[in-house]
Amino acid sequence: MSVDARQSLLCWYAVDKRRLPWRAEAGERADPYRVWLSEIMLQQTTVAAVKPYFERFTTKWPDVGALAAADEADVMREWAGLGYYARARNLVACARVVAGDHGGRFPDSEAALLKLPGIGRYTAAAIAAIAFGRRAVVIDGNVERVVSRLYAIATPLPAARAEIRARTDALTPDEGAGDFAQAMMDLGATICTPRRPACAICPLRPHCAAFHEGDPERYPVKPPKAARPRRTGTAFWLEHDGHVLLVRRPASGLLGGMLALPTESPAQAKWTDAGAVDHVFTHFALTMTLSCARVDARPEGLWWPIERIGEAGLPTLFARLAERGLAWREAAAQAA
DNA sequence: CAAACGTGGAT
DNA sequence: TATCCAAGTTT
């Protein structure tokens with residue numbers, strides 16, 4: 001049954017696989033740099049969101065040596081808006097290890113890849129299989145969903161992971177593990193979707209225990225999620241001579257390493273309330289109010305030209321607050 | 001092992 | 001509007 005299911009999947013993939021910028025054409029060799037970069041960007045991030053970033057990154061930094069030589073601040077700026085910013089810091093760190101310790105070539109074993117910054121169990125297996133043709137058991141959210149349905153695994157996550165791994169291992173071929181993994185992920189992304197899966201056109205339907213039970217959407221069984229708390233905060237828009245004061249956030253923690261508006265008062269000034277921005281993070285919702293002021297003296301700090309604020313590489317929360325700052329500025333100019 | 005860590009699109 | 005969720009990793 002496993003072999004039949006695998007063959008059905010691979011035949012479907014041969015015809016219906018997605019064409020993606022980081023994917024090699026049939027018969028072509030995948031570029032480990034592009035595979036790695038795409039895998040990092042795709043962590044918890046949709047293909048549609050990744051595409052323009054992948055295009056810009058590979059244009060600006062065509063290979064791992066170029067990325068290793070880049071200024072970290074430039075990389076953070078290019079990553080702005082994509083989220084999970086620790087990935088960008090780890091991206092640079094990883095490129096530098098590969099350039100410095102591995103002669104500019106990615107290691108081709110799962111174990112060696114796993115030691116690199118930002119590469120965990122999934123990504124190490126994916127790169128080993130897709131870029132280097134190694135046999136590796138590749139398990140992401142798609143594979144978890146497809147396998148838990150295929151075998152109607154009723155154990156809730158995360159306890160089900162041991163069985164999912166064993167089942168995926170049994171399905172994974174000795175040759176072509178990369179195509180198999182990508183086929184599973186394409187199936188999960190386009191047919192075996194979380195909601196309203198398209199079982200009518202699924203190549204695995206004849207083999208799928210969840211389909212035969214009649215309610216595939218029930219799998220994988222997930223634990224209830226914790227409620228998302230709401231928090232409040234204040235950001236400060238301080239102007240001087242056509243420039244606005246920015247800060248570099250600490251390397252770790254929320255929006256770590258990114259440029260931002262100050263979130264503590266940077267100066268004595270006549271602050272004006274310029275409204276608020278609601279922003280939802282994974283683990284809490286935030287209402288951040290914006291206080292604006294103009295000063296004649298110029299405190300020490302990073303002053304960014306206001307007309308080029310769009311190029312600063314602010315994460316989305318602060319980009320939205322900056323929009324408010326610009327609106328405040330317009331209103332102040334009208335009044336004057 | 002649970003919690004921290006972003007964002008935008010779909011329902 | 002509220003909730004879910006997308007090619008996870010780190011602490």
Side-chain angles (χ1 to χ4, degrees), chain A residues 17-18 20-23 30 34-54 76 79-91 93-94 113-131 136-146 157-159 161-162 168 178 180-190 192-197 217 220 222-231 249-258 260 277-286 288 313-320:
Chain A
K17 65 178 160 192
R18 292 178 292 175
L20 300 169
W22 44 87
R23 231 175 226 183
R34 294 167 67 87
V35 172
W36 163 71
L37 180 60
S38 68
E39 290 299 344
I40 302 300
M41 288 184 165
L42 286 161
Q43 288 167 5
Q44 299 290 286
T45 308
T46 58
V47 166
V50 163
K51 277 181 176 172
Y53 284 85
F54 182 82
M76 302 308 283
W79 197 276
L82 197 56
Y84 285 149
Y85 298 99
R87 292 184 295 173
R89 297 179 64 79
N90 284 146
L91 194 76
C94 182
L113 287 161
L114 194 52
K115 293 181 177 162
L116 297 171
I119 296 183
R121 202 170 188 190
Y122 158 76
T123 304
I127 296 173
I130 297 168
V137 180
V138 180
I139 302 174
D140 73 331
N142 289 302
V143 176
E144 275 187 356
R145 185 169 58 257
V146 172
L157 292 173
R161 296 219 161 98
T168 306
F180 172 75
Q182 292 176 93
M184 290 285 276
M185 294 191 280
D186 272 19
L187 189 78
T190 63
C192 193
T193 49
R195 279 167 293 184
R196 299 174 56 84
E217 216 169 310
K222 295 187 175 181
K225 293 196 173 168
R228 181 156 43 209
R230 171 164 292 283
R231 299 182 192 164
R249 293 177 62 83
S252 66
L254 191 72
L255 308 176
M258 299 301 286
V277 164
D278 283 307
H279 194 78
V280 180
F281 294 102
T282 303
H283 53 299
F284 67 96
L286 177 66
M288 186 159 264
L314 298 177
T316 301
L317 165 65
F318 288 103
R320 289 180 176 156

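Since the structure is predicted, the reported quantities are computational estimates derived from the model, not experimental observations. Values below: all heavy atoms of this structure, side chains included; hydrogens, waters and symmetry mates excluded. Proteins come first, then strands; the chains are lettered A, B, ... in the order of their sequence lines, and each starts at number 1.
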Reckon A:K222 has a side-chain N or O less than 4.0 Å from the OP1 or OP2 of C:dC4? no
With the threshold set at 4.0 Å, does a side-chain nitrogen-carboxylate oxygen contact exist between A:K17 and A:D186? no
Please give, in whole Å, the distance from C:dG8 P to A:R161 CZ? 11 Å
Using whole Å, what does the distance between atom C1' of nucleotide C:dT1 and atom CZ of A:R228 come to? 12 Å
Would you indicate what A:T123 reaches in the nucleic acid, counting non-hydrogen atoms under 4.0 angstrom: base, sugar-phosphate, or nothing? sugar-phosphate
Does A:H283 put a side-chain nitrogen or oxygen below 4.0 Å from OP1 or OP2 of B:dC5? yes
Working to the nearest 0.5 angstrom, can you tell me the gap between A:L91 CG and A:M76 CE? 10.0 Å
Nearest-neighbour nucleotide for the A:T282 side chain, B:dC5, C:dC4, C:dA7 considered: B:dC5
Should the side chain of A:R87 and the base of C:dA7 be counted as holding a donor-acceptor pair, with the cut-off at 3.5 Å? no
Under 4.0 Å from OP1 or OP2 of B:dG8: is there any side-chain N or O of A:T316 that close? yes
So does A:H279 get a side-chain nitrogen or oxygen closer than 4.0 Å to the phosphate oxygens (OP1/OP2) of B:dG6? no
Using OP1 and OP2 only, check whether a side-chain N or O of A:R145 sits under 4.0 Å from C:dA6. yes
Any base atoms under 4.0 Å from A:G81, or only sugar-phosphate, or nothing? Heavy atoms, all strands. sugar-phosphate
Take atom CG of A:D140 and atom C1' of C:dC5, then tell me their distance rounded to the nearest Å. 13 Å
Heavy-atom side-chain contact between A:I139 and A:E144 under 4.5 Å: yes
Can you check the distance between C:dT9 and B:dG8, where both ends of the measurement are the P atom (answer in whole Å)? 23 Å
What is the distance from CG of A:L187 to P of C:dA7, rounded to the nearest Å? 11 Å
Note: for A:Q43 and A:A226 on DNA chain B, the residue whose nearest nucleotide lies more 5' is A:A226
Side chain of A:Y122: nearest nucleotide among B:dG6, B:dT11, C:dT9? C:dT9
Taking atom C1' in both C:dT11 and B:dT7, compute the distance separating them and give it to the nearest angstrom. 22 Å
Side chain A:Y53, main chain A:A80, donor-acceptor under 3.5 Å: yes
Separation of A:R89 atom CZ from B:dG6 atom C1', in whole Å? 16 Å
Any idea which of B:dC5, C:dA7, B:dG8 is nearest the A:Y84 side chain? B:dC5
Can you tell me if the side-chain N/O atoms of A:Q44 get under 4.0 Å from OP1 or OP2 in C:dA6? no
Taking the same atom, P, in B:dC5 and in C:dA2, what whole-Å distance lies between them? 23 Å
For B:dG8, does either OP1 or OP2 sit under 4.0 Å from a side-chain N or O belonging to A:T45? no
For nucleotides C:dA6 and B:dC1, find the distance between their C1' atoms and express it as a whole number of Å. 23 Å
Give a yes/no answer on whether the side chain of A:R196 brings an N or O atom under 4.0 Å of OP1 or OP2 in C:dC5. no
Using whole Å, what does the distance between atom C1' of nucleotide B:dG6 and atom CE of A:M76 come to? 12 Å
Of A:N90 and A:V280, whose closest DNA chain C nucleotide lies nearer the 5' terminus? A:V280
Of all the choices, B:dT7, C:dA7, C:dT3, which nucleotide is nearest to the side chain of A:M185 once you look at every atom? C:dA7
Nearest whole angstrom, please: distance from the C1' of C:dC4 to the CD of A:E217. 12 Å
A:Y85 side chain near B:dT7 phosphate (N/O to OP1/OP2, under 4.0 Å): yes
Select base, sugar-phosphate, or nothing to describe what A:L82 touches, counting heavy atoms under 4.0 Å on all strands. base
When we call it a touch if two heavy atoms are under 4.0 Å apart, what does A:W22 touch: a base, just sugar-phosphate, or nothing? base
Could you check whether the rings of A:H279 and A:F281 sit parallel, tilted or perpendicular, using 30° and 60° as the cut-offs? perpendicular
Are the side chains of A:T123 and A:L113 in contact, using a 4.5 Å heavy-atom criterion? no
If you check every side-chain atom of A:F281, which of B:dG6, B:dA4, C:dA6 has the closest atom? B:dG6
Give A:V50 one of three labels, base, sugar-phosphate or nothing, depending on what nucleic acid heavy atoms sit under 4.0 Å from its own. nothing
Check whether the side chains of A:R87 and A:Q43 place a donor and an acceptor atom closer than 3.5 Å, and report yes or no. no
Value in whole Å for how far the P atom of C:dT9 lies from CD1 of A:I40: 7 Å
For A:L20, answer base if it contacts any base atom (sugar-phosphate contacts may also be present), sugar-phosphate if it contacts only those atoms, and nothing otherwise; contact means non-hydrogen atoms under 4.0 Å. base
Would you say that A:Y122 contacts A:E39 through its side chain, given a criterion of any heavy-atom pair below 4.5 Å between the two side chains? yes
Answer with base, sugar-phosphate or nothing: what part of the nucleic acid does A:R23 contact at a heavy-atom distance below 4.0 Å? base
How far, in whole Å, is C:dA7 from B:dT11 if one measures between their P atoms? 15 Å
